[in-house]
Student: 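The structure follows.
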Amino acid sequence: MSTLAGNCRGLGNPYTVQVLLDLVQTKKPTMVFLMETMIDNSRIEAIRAKMNYEGLFTVAGPCHGGGLALFWKHTNMVEIKSYSQNHIDTEINLENIAKWRLTCFHGCPERTRRRESWNLLRNLANQSPLPWAVMGDFNDMLRANEKRGKHLHPSWPRYGRTSIKSRGTVNWVEERLDRVCVNDAWRGLFPPNKVVNQICVWRPNQGGFRFHFENTWLRDEGCSQIVEDCWKNNNSLDIFQNGWLINSRIK
């Protein structure tokens with residue numbers, strides 16, 4: 001069993017949807033949790049159909065921002081226990097596996113509400129004795145060494161809206177905001193287990209596409225070969241592979 005979580009920063013852009021569909025096709029997760037969907041339920045339902053998943057639960061965000069969506073493969077495997085604009089708490093029923101609990105979490109992005117996010121998790125922790133996993137974008141760090149860059153991580157309240165800032169410059173800052181936390185009972189239920197960070201590019205909808213090179217593509221071992229092949233063939237690049245997207249015309 002595998003679960004995919006990501007802050008997609010809006011599903012209104014077809015490039016972002018294509019990134020999602022490719023990840024689902026290659027990783028084949030049992031559940032998918034998306035944050036900051038920023039679209040209405042009918043459009044999310046259309047994406048569910050494209051993914052060929054049976055289950056879907058959404059939480060609308062304030063105005064035109066925010067929004068959560070949880071997709072799952074089989075109709076009866078997920079039971080929703082509680083939800084808010086920052087979480088979806090569920091119980092999971094899988095064949096031949098004891099019932100367990102998954103909380104999909106999106107921490108408050110506003111620095112003045114960081115304590116509110118942690119208090120929400122504290123309250124949820126007391127609501128069930130089941131094996132428990134929490135995953136999502138916490139929008140905060142646990143300790144100072146989870147940040148790399150020129151500015152030290154301040155004490156409470158904690159800062160950090162995005163995980164990477166000023167990419168490719170001397171002001172590059174990386175912060176560990178996305179995480180999965182589990183209790184000992186969950187570890188015993190799923191040995192072995194691991195968390196993998198998938199490099200992908202969620203592109204905002206800017207009205208017209210303009211090519212920007214992403215340094216993270218260089219970490220993909222197939223990037224250089226794909227670019228070289230297209231350059232030799234003088235082709236238009238519209239390539240989506242291993243979680244990253246290039247769309248431009250080579251001249």
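Only a predicted model underlies this, so the values are computations on that prediction, with no experimental measurement involved.
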Student: Mind checking whether Leu102 and Leu124 sit in one hydrophobic cluster, side chains of I, L, V, M, F, W, Y counted as touching below 4.5 Å?
Tutor: no
Student: Which distance, rounded to the nearest 0.5 Å, do you find between the CZ of Arg101 and the CD of Glu79?
Tutor: 12.0 Å
Student: For salt bridge (charged side-chain N to carboxylate O under 4.0 Å, His left out), just list the numbers for Arg114 and Glu116, CA-CA rounded to whole Å, side-chain angles, deciding distance to a tenth of an Å, and then say yes or no.
Tutor: CA-CA 5 Å; Arg114 295 293 201 274; Glu116 181 181 331; over 6 Å; no
Student: Can you confirm whether more than 12 heavy atoms, excluding those of Asn119, are under 6.0 Å from its CG atom?
Tutor: yes
Student: Looking only at heavy atoms, which two atoms of Leu121 and Trp132 are closest? And how far apart?
Tutor: O-CH2, 3.9 Å
Student: Could you go step by step and tell me if Ile92 and Lys99 meet the side chain to side chain contact (heavy atoms under 4.5 Å, CB included) rule?
Tutor: CA-CA 6 Å; Ile92 310 299; Lys99 181 182 292 187; over 6 Å; no
Student: Okay, side chain of Thr90, backbone of Ile80: is any donor-acceptor separation there less than 3.5 Å?
Tutor: no
Student: Measure the spacing between OG1 of Thr37 and CZ of Arg43 and express it to the nearest 0.5 Å.
Tutor: 10.0 Å
Student: If the test is ring-ring contact (aromatic ring centres under 6.0 Å, His included), which one of Phe33, Trp118, Phe138 qualifies with Phe105?
Tutor: Phe138
Student: Will you find, in the side chains of His106 and Ser117, an N or O donor that is under 3.5 Å from an N or O acceptor?
Tutor: no
Student: Spell out, as yes or no, whether a donor-acceptor pair under 3.5 Å connects the side chain of Arg48 to the backbone of Tyr53.
Tutor: yes
Student: Does a side-chain heavy-atom distance below 4.5 Å link Ile39 with Ile47?
Tutor: yes
Student: Can you name the nearest heavy-atom pair linking Leu4 to Met135, along with the distance?
Tutor: O-CE, 4.3 Å
Student: Enter the distance from Leu20:CG to Gln25:CD here, rounded to the nearest 0.5 Å.
Tutor: 11.5 Å
Student: Search all heavy atoms of Trp186 against all heavy atoms of Val182 and return the closest pair with its distance.
Tutor: CE3-CG1, 3.5 Å
Student: Which pair of heavy atoms, one from Thr16 and one from Cys8, lies closest together, and at what distance?
Tutor: CG2-O, 3.9 Å
Student: Is there a chain of hydrophobic side chains (I, L, V, M, F, W, Y, each step under 4.5 Å between heavy atoms) that links Met35 to Phe71?
Tutor: no
Student: Roughly how far apart are Ser82 OG and Ile88 CD1, rounded to 0.5 Å?
Tutor: 9.5 Å
Student: Tell me, with the steps shown, if Glu45 and Leu56 meet side chain to side chain contact (heavy atoms under 4.5 Å, CB included).
Tutor: CA-CA 8 Å; Glu45 171 63 27; Leu56 169 63; 3.6 Å; yes
Student: Can you give me the closest heavy-atom contact between Thr58 and Ala69, atom names plus distance?
Tutor: CG2-CB, 4.2 Å
Student: Quick one: does Asn123's side chain have a donor or acceptor within less than 3.5 Å of a partner on Leu120's backbone?
Tutor: no
Student: Any Lys/Arg nitrogen of Glu36 or Arg9 sitting under 4.0 Å from an Asp/Glu carboxylate oxygen of the other?
Tutor: no
Student: Grouping I, L, V, M, F, W and Y whenever their side-chain heavy atoms are under 4.5 Å apart, do Phe190 and Leu130 come out in a common cluster?
Tutor: no
Student: Is the distance between the ring centroids of Phe57 and Trp72 under 6.0 Å?
Tutor: no
Student: Check whether more than 12 heavy atoms from other residues, nucleotides or ligands sit under 6.0 Å from atom CG of Asn76, and answer yes or no.
Tutor: no
Student: How long is the gap from NZ on Lys73 to CE on Met1, to the nearest 0.5 Å?
Tutor: 13.5 Å
Student: So does Val24 get a backbone contact from the side chain of Lys27, meaning a donor-acceptor N/O pair under 3.5 Å?
Tutor: no
Student: Hey, does Ser84 have a side-chain heavy atom less than 4.5 Å from the side chain of Val59?
Tutor: no
Student: What about Ile44 and Leu70, same hydrophobic cluster or not, with Ile/Leu/Val/Met/Phe/Trp/Tyr joined at side-chain heavy-atom distances under 4.5 Å?
Tutor: no
Student: Would you check, one step at a time, whether the test side chain to side chain contact (heavy atoms under 4.5 Å, CB included) holds for Glu54 with Met77?
Tutor: CA-CA 10 Å; Glu54 295 179 359; Met77 63 173 289; over 6 Å; no
Student: Evaluate Ser42 against Asp40 for side chain to side chain donor-acceptor pair (under 3.5 Å), listing each step before the verdict.
Tutor: CA-CA 6 Å; Ser42 62; Asp40 58 41; 2.7 Å; yes
Student: Using the rule given for side chain to side chain contact (heavy atoms under 4.5 Å, CB included), can you reason through Leu11 versus Leu34, listing the C-alpha separation, both sets of side-chain angles and the distance that settles it, and then say yes or no?
Tutor: CA-CA 9 Å; Leu11 282 173; Leu34 299 179; 3.8 Å; yes
Student: Could you state the interatomic distance from CG (Leu23) to CD (Gln18), rounded to the nearest 0.5 Å?
Tutor: 10.0 Å
Student: Are Met31 and Val195 co-members of a hydrophobic cluster defined by side-chain heavy atoms under 4.5 Å apart?
Tutor: yes
